[in-house]
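Data block below; observations after.
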There are 2 protein chains.
Amino acid sequence: VEGHESAAAIDPIVRAVDVELPRPTLERAVGDGDALVAALAAAGYADVDTVDIDVLRRLSPALRAAGWRCTAHVRGREVVAVTAPETSPVGLAVDLGTTGVAGYLLDLEDGRVLAVRGAMNPQIAFGEDVVSRIVHARQSEEARAELRRAAVDGLNRLADELCVEAGLEPTDVVEAVVVGNTAMHHLLLGLPTEQLALAPFVPAVAGAVTVKARDAGLALAPGGYLYMPPNIASFVGADHVAVLLATADIWHDRNVLVLDIGTNTELSLIARDGSIRSLSAPSGPAFEGYHIVAGMRATTGAIEHVRIADGEVEVQTIGGAAAVGICGSGIVDALAQLHLAGVLSPNGRIQLGSHANVREYEEHRSFLLVGEDESATGRSIVVTQEDVREILLAKAAIQSGTGVLLSEGGVGGDELDLVVIAGAFGSYLSVENAVAVGMLPPLPAERIHQVGNAAGMGAKLALVSSSARARASELRQRVEYIELASHPEFVRRYAQSCRLPAANAGVA
Amino acid sequence: VEGHESAAAIDPIVRAVDVELPRPTLERAVGDGDALVAALAAAGYADVDTVDIDVLRRLSPALRAAGWRCTAHVRGREVVAVTAPETSPVGLAVDLGTTGVAGYLLDLEDGRVLAVRGAMNPQIAFGEDVVSRIVHARQSEEARAELRRAAVDGLNRLADELCVEAGLEPTDVVEAVVVGNTAMHHLLLGLPTEQLALAPFVPAVAGAVTVKARDAGLALAPGGYLYMPPNIASFVGADHVAVLLATADIWHDRNVLVLDIGTNTELSLIARDGSIRSLSAPSGPAFEGYHIVAGMRATTGAIEHVRIADGEVEVQTIGGAAAVGICGSGIVDALAQLHLAGVLSPNGRIQLGSHANVREYEEHRSFLLVGEDESATGRSIVVTQEDVREILLAKAAIQSGTGVLLSEGGVGGDELDLVVIAGAFGSYLSVENAVAVGMLPPLPAERIHQVGNAAGMGAKLALVSSSARARASELRQRVEYIELASHPEFVRRYAQSCRLPAANAGVA
């Protein structure tokens, strides 16, 4: 998926036009804004009829200082920025995740990436997951404003840092695209979130939103715009539409399952007939290390992979450091390896005596991964019975969501041609182990693609291409959204999926 | 001119559409904004594709509180406001004068005037006339911001008061039109003014400006727009375009002179061939009572008319009160009556012995209008030699401007069919006396029309009619602007016009 911002895909939203204006005289005292519009018409941009008010506010002194030459940044019929002569239009693409934020600065005309940077979402101070933030926002107008400010300040800071890296000013950024889940989308735009989390789970708006960046609080070019792709539903947001956009050209004529695994896992099934069905599965925070006794984020010292070979337990940590805890990919590995080593019963019970590392203390069973002498903390690192339960529930959510999609799409498990796993977590996941526990359908490894941050990729595509934006809306229109929790097959499939599959078992 | 807001002229900018939205369900959890757009499409507004972000910010709770019924205010393709069911769209028209401000609240669909109110322009604290405000604005960014805030706060206060009068909230006002001279226009919009007052006198923008009212600082309906008609030049503004708009249908196939008399007097000559020539004449503040020893504004106690019949001096004051001073119309009367009574030489010198009321004290000559026993102040009220000089200069500016226009338009003084006098001051002016001093061309009284606040009238027309806005831009396009100060005939004509005409003399 990376590399899609190729020249072929570029269909610029904003074009930079160098103009030189005639010096006004007593006989020809044309207004500065009017002279700019006339110069653009002469340069072939006859449609332009509006100069943004904030551009007008700065235009007169700028023209006089620059000897009547400038670059006008034209977006449709409007001049959204005026900069020093011969500057390119620059845009900002952001994947605003619940936890992490990824920002990219691009040249809008050639698609070149000028800077890349990651950051934490500062909203995390108000709750780790989407629902706790919605609950916080519900407390008061001020609480919602607080969350909004946190997101806005975070994006402005990220834009500043990206610009420093690229040797630019934030006011050079003439267009922005932000993708995020529906709650992030709403909180950033200052839209109400209360109705998102209450049945029937209604977004304030699902269609694509284009607003002046200033109306969203972003301190970019004064007249620039922010585009946010359409949301699908309260828990399948514009970030998933961005994933679909970024991966659409590897689907053709195939049955494809697209997953973005997280606290909520968004799943889409694209059938050979072109229909798209999407849903959100409540996988919970286990993959992010929460609700797991030794759980932690994917940072240095986290166990990211676990292997049990000939009874020997091997762990691999991020950065090769002494183990501190275990992160999402390590937990999935642990579940799979314990399963394959015969430590777990089909419903996930740790069996006493099945392996030398199985412990029981006051009826609490656990499996030792790293002894206290080898860990970084001086305490042993274990997988508990409760951890196994937690991760089984998480994989069951994804597995039952997949089952409902295949059933609704009339696609048999054996008819699935491709699984596309988007997102950072998905990149580190061991596909074999995810298949072994039933979290992914049992396809050969070469038909499971881990594509990385496809949401960010989709944001970049939408940043440089108007046709990509049209495609995003068209994809959104094709989606049939399924409310998983109220689906008649959900409860049965979920209960079944809480078990571990027999070796080589198909999708439940 | 008053009464033009008749049903025939209405071509609404904003239409109110009552809609009822289907209650969302788990199976049909359509976004609120999307459901609104769909309901509007079903009601025949299929073009609507945008809901203003500030409307979206309030929509979800509002719909739930109102049982899914509302009135959507549609402007082109955009929903600019959502209000309680069955409310009409309301608009605000303002004539933002340098001194006074006139505000009107209108029903946008039937043109009914809901409230009218006048106020002072609070910028007056920073200078009485346009140039002194531009000088103040030039001092610093903060000084310009201060002037802008004064105008914005003044308009918001006026809107509040108008709404109280009409039993409405400012957030019910979905569209605004403000007309003013170019400096008022620029200061309100936060545009730079420095280049307005320096040769070659260039507006930041002359074309019509349409911005979100919030981007101009106006606290009206969150998504509403502000429209400001085009300016003609630095010293002939959108208010004069509004005057042309309001008076256009009395011009047809005639040679018409349109004047709006003030510190700067804007003049337009519309020739029978449809061409329009406009200029600004620097008439100075004498008509507003400034630079006149006993001068005052047109308020209670001001001498508004003077008559000398058979040697007897008669004065008429506003409200019939004891005289406090003399206002603009009284000063013009005084000049004319002194001239007709033979008190003044052709170049305006007060002649000793020509009348019993002529005084001389240490070489300062004056003419007594009201004795100290009869005035409200206990001091006598006189017209001094310097006052005569001041008012002669003011009338000379208008007279020479008229002369240049007629010459440029190839219209002889005797070919002029109609003179239209706009503005509050023009309404009180004695036409006979203005003709007698040469300030107005020597036409019979029935061919001189005093039309009152035509700028306000033009603002009201533009508020309720998109075709009026198109007409305003079309009128602006037809105008040939003449820079009076640099016109080759100006100095000669001005010098000649400083004299008083012989009885029944034509235009200089």
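Lettering follows sequence order; numbering is per chain, from 1. Values in this document were obtained by computation on a predicted structure and should not be read as measured data.
Counting heavy-atom pairs closer than 4.5 Å to chain B, the top residue among A:Asp34, A:Leu56, A:Val205, A:Val37 is A:Asp34. Interface remark: of the candidates B:Gly207, B:Ser60, B:Ala485, B:Ser60 forms the most heavy-atom pairs closer than 4.5 Å to chain A. Annotation: maximal heavy-atom pairing with chain B below 4.5 Å, among A:Thr50, A:Ile53, A:Asp52, occurs at A:Ile53. Of the residues considered (B:Val211, B:Thr25, B:Val30), B:Thr25 shows the highest number of contacts with chain A, using heavy-atom pairs under 4.5 Å. Your options are A:Arg58, A:Gln195, A:Glu27, A:Glu194, and the one with the most heavy-atom pairs under 4.5 Å with chain B is A:Gln195.
Contacts of A:Val51 with chain B are absent, with no heavy-atom separation under 4.5 Å from either backbone or side chain. Using a 4.5 Å cut-off between heavy atoms, B:Ala233 makes no contact with chain A at all. Neither the backbone nor the side chain of B:Arg23 comes within less than 4.5 Å of any heavy atom of chain A. At a 4.5 Å heavy-atom cutoff, the contact between B:Ser486 and chain A is made by side-chain atoms alone.
One finds the CG atom of A:Leu26 at 13.5 Å from the CD1 atom of B:Ile482 (value rounded to the nearest 0.5 Å).
Closest approach of A:Leu189 to B:Arg57, counting heavy atoms only: O-NE, 2.7 Å. Nearest heavy atom pair, residue B:Pro24 against residue A:Pro200, reads O-CG, 3.4 Å.
Summarising the local packing, CD of A:Glu142 is surrounded by more than 12 heavy atoms from other residues, nucleotides or ligands at distances under 6.0 Å.
The residues B:Arg214 and A:Asp215 are annotated as salt-bridged, a charged nitrogen and a carboxylate oxygen being separated by less than 4.0 angstrom.
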